[in-house]
Novice: 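I have a structure I would like to understand better, so I am pasting it below and will then ask my questions one at a time.
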Amino acid sequence: MKAFLTRETYDTPLLAEKLSVAGIDLEVRTDSSVCPREVLEQQVSRVDALLTHTEDEIDADLLSRAAPQLRVVANMGIGFSNIDVAAARARGVIVTNTPTEEAFEATAEATVAILLSVARRIPALHVERRALTCDPDPSFLRATATSVRGKTLGIVGMGRIGSRVARIMHGGFGNRIQYFDLVAKPELEEALGARRVDLPTLMRSSDLIAVNMPLSQQTRNLISAEMIDLMQDHATFVNTARGELVDEPALVARLNAGKLHGAGLDVYGPAVDDIQFDNIALTSHFANFEDQAYTAMTTLVADNVVSALTTGQALTPVKE
Ligand SMILES: NC(=O)c1ccc[n+]([C@@H]2O[C@H](COP(=O)([O-])OP(=O)(O)OC[C@H]3O[C@@H](n4cnc5c(N)ncnc54)[C@H](O)[C@@H]3O)[C@@H](O)[C@H]2O)c1
């Protein structure tokens, strides 16, 4: 049986070893860039298992080129908005993701890390210091950091990651928690005193905002220009979910006007290249790219592929 991994990861030897034990040959694309479309087209027509990253577009057209033996598309990540799950199902192809505890913890930890660093202006101070040859004599008239303790944190999407962010920020910094979600979370309301509110209320009344909502047809552009307009000028905004949830040109315009404390974005589109404002942290979809989470996710990808190819059932198949 043959499998193809679209981009090498630091845990590829572990993956190859686990597949090899089950009689599956893994071909690895060693280039570190996003896999070109033509390579995906070529590989999908010859393998039993396609091992993808969240940047790989696995749409209906690509799946129509799949070999009859393609049984599983195993995505390395919790999100799977890059895959047309309905088109895969129509061809009898199982789609899997990697919802491990470690990945939830890692993404929540990264969300908190970005939130704290932007609130305290660490990215801006870092850039400022790196541009100098010696320690500056700092002006006390320049922009100040903002405290995190005792603030109101608004969480957009109180799921596995959002609820962990809420617990950390409530327990560690005494944040008042409010959230926007389709589903009420009575256990968090009880444990943290969290309050479920509508989205405009959350955007208008939060000091800190964390977006932890999956991307879907319903949530695309959820944080619209109108919602962005509602934020307070001192608010700190963090998105570690998906860039397409946010009207990014509107967010960029607000930042460039100096009308937000700052923003931290782990996921985004090209609009961020126009940001002039200094208090901005841009990371490259790294939130669960850490040792424990990545090893756990790699192990689950391997177990999913082995299980799908040998029993026809995966451990963590996704639903649309
Ligand atoms: N940056 C990264 O590296 C990284 C890592 C992991 C996950 N993510 C992203 O984070 C997202 C959230 O992950 P999770 O595991 O917490 O998801 P989850 O499914 O556990 O939680 C999502 C929450 O959003 C709510 N929700 C969904 N659709 C809604 C809608 N239309 N309106 C209101 N509420 C809605 C759900 O009720 C749920 O409570 C993932 O989908 C993924 O895109 C990013």
Side-chain angles (χ1 to χ4, degrees), residues 7 9 34 52-57 75-83 85 95-115 154-169 177-189 192 194-203 209-224 227 237-246 263-269 272 281-298 300-301 316-320:
R7 266 207 275 182
T9 75
V34 174
T52 53
H53 295 275
T54 51
E55 294 76 19
D56 301 320
E57 270 311 311
N75 211 37
M76 177 80 84
I78 297 170
F80 50 86
S81 53
N82 56 311
I83 301 175
V85 180
V95 176
T96 65
N97 67 340
T98 54
T100 68
E101 280 302 312
E102 289 87 348
F104 304 141
E105 298 287 355
T107 308
E109 195 176 295
T111 305
V112 169
I114 297 171
L115 194 54
I155 298 200
V156 182
M158 189 66 118
R160 295 165 297 194
I161 296 168
S163 60
R164 285 169 169 80
V165 173
R167 287 184 191 282
I168 298 169
M169 297 302 291
I177 306 294
Q178 51 187 12
Y179 69 99
F180 168 69
D181 202 293
L182 263 182
V183 182
K185 313 282 172 167
E187 69 290 356
L188 293 168
E189 294 180 14
L192 312 180
R195 195 168 71 107
R196 184 169 171 227
V197 294
D198 59 26
L199 188 58
T201 302
L202 183 146
M203 299 301 289
I209 295 171
V211 180
N212 296 108
M213 172 89 63
L215 177 64
S216 67
Q217 276 177 358
Q218 293 72 43
T219 63
R220 185 174 296 275
N221 208 41
L222 180 76
I223 314 293
S224 60
M227 291 299 122
F237 178 86
V238 172
N239 181 12
T240 55
R242 286 290 180 269
E244 296 92 330
L245 292 162
V246 178
L265 307 173
D266 186 44
V267 281
Y268 43 80
V272 299
L282 292 180
T283 50
S284 304
H285 204 157
F286 90 115
N288 59 27
F289 190 60
E290 50 103 291
D291 44 12
Q292 290 184 43
Y294 226 66
T295 300
M297 287 164 58
T298 303
L300 184 53
V301 166
T316 55
V318 302
K319 301 181 193 78
E320 282 160 79

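Atoms within a ligand are numbered from 1 in the order they appear, just like the ligands themselves. Side chains are part of it too, since the values below use all heavy atoms of this structure and drop only hydrogens, waters and symmetry mates.
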Novice: Check contact between Ser216 and ligand 1, using heavy atoms of the residue and a distance below 4.0 angstrom.
Specialist: no

Novice: For the pair Tyr179 (side chain) and Ala184 (backbone), establish whether a donor and an acceptor sit closer than 3.5 Å, ignoring hydrogens and angles.
Specialist: no

Novice: In ligand 1, which numbered atoms sit nearer than 4.0 Å to a non-hydrogen atom of Lys185?
Specialist: 39 (O)

Novice: When you measure from the side chain of Asn82 to the backbone N and O of Asp56, does any donor-acceptor pair fall under 3.5 Å?
Specialist: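 Yes, Asn82 side chain to Asp56 backbone: donor-acceptor pair under 3.5 Å.
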
Novice: Just verifying a value: how many Å separate Leu215 CG and Leu245 CG, rounded to the nearest 0.5 Å?
Specialist: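 Between atom CG of Leu215 and atom CG of Leu245 there are 5.0 Å.
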
Novice: Heavy atom to atom 38 (C) of ligand 1, shortest distance: which of Val156, Val211, Asp181 holds it?
Specialist: Asp181

Novice: Distance under 4.0 Å to a non-hydrogen atom of Gly157: what atoms of ligand 1 satisfy this?
Specialist: 24 (O)

Novice: Which is it for Met158 and ligand 1 at heavy atoms under 4.0 Å: side chain, backbone, both or neither?
Specialist: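 The part of Met158 near ligand 1 is the backbone, not the side chain.
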
Novice: With atoms numbered from 1 as shown, which atoms in ligand 1 lie under 4.0 angstrom from a non-hydrogen atom of Ile78?
Specialist: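 Those qualifying, in numeric order: 6 (C), 7 (C), 15 (O).
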
Novice: Just by distance, do the side chain of Asn212 and the backbone of Ile161 share a donor-acceptor pair under 3.5 Å?
Specialist: no

Novice: Which of the atoms of ligand 1 are close to Asp266, meaning less than 4.0 Å from one of its heavy atoms?
Specialist: 1 (N), 2 (C), 3 (O)

Novice: Counting only heavy atoms, which portion of Leu222 has something under 4.0 Å from ligand 1: side chain, backbone, both, or neither?
Specialist: neither

Novice: Distance under 4.0 Å to a non-hydrogen atom of Gln218: what atoms of ligand 1 satisfy this?
Specialist: 31 (N)

Novice: Please list, in number order, the atoms of ligand 1 under 4.0 Å from a heavy atom of Ala287.
Specialist: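 Per the distance check, 1 (N), 2 (C), 3 (O).
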
Novice: Can you confirm whether Val246 sits close enough to Tyr268 that some side-chain heavy atom of one is under 4.5 Å from a side-chain heavy atom of the other?
Specialist: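 No. Closest side-chain heavy atoms not under 4.5 Å.
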
Novice: Considering only heavy atoms of Val183, which atoms of ligand 1 have at least one such atom less than 4.0 Å away?
Specialist: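 Going through ligand 1 atom by atom, the ones under 4.0 Å from Val183 are 37 (O).
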
Novice: Among Gly243, Pro214, Ala110, which one puts a heavy atom closest to atom 24 (O) of ligand 1?
Specialist: Pro214

Novice: Please list the nearest protein heavy atom to atom 26 (N) of ligand 1 with its residue and the distance rounded to 0.1 Å.
Specialist: Met213 SD, 3.4 Å

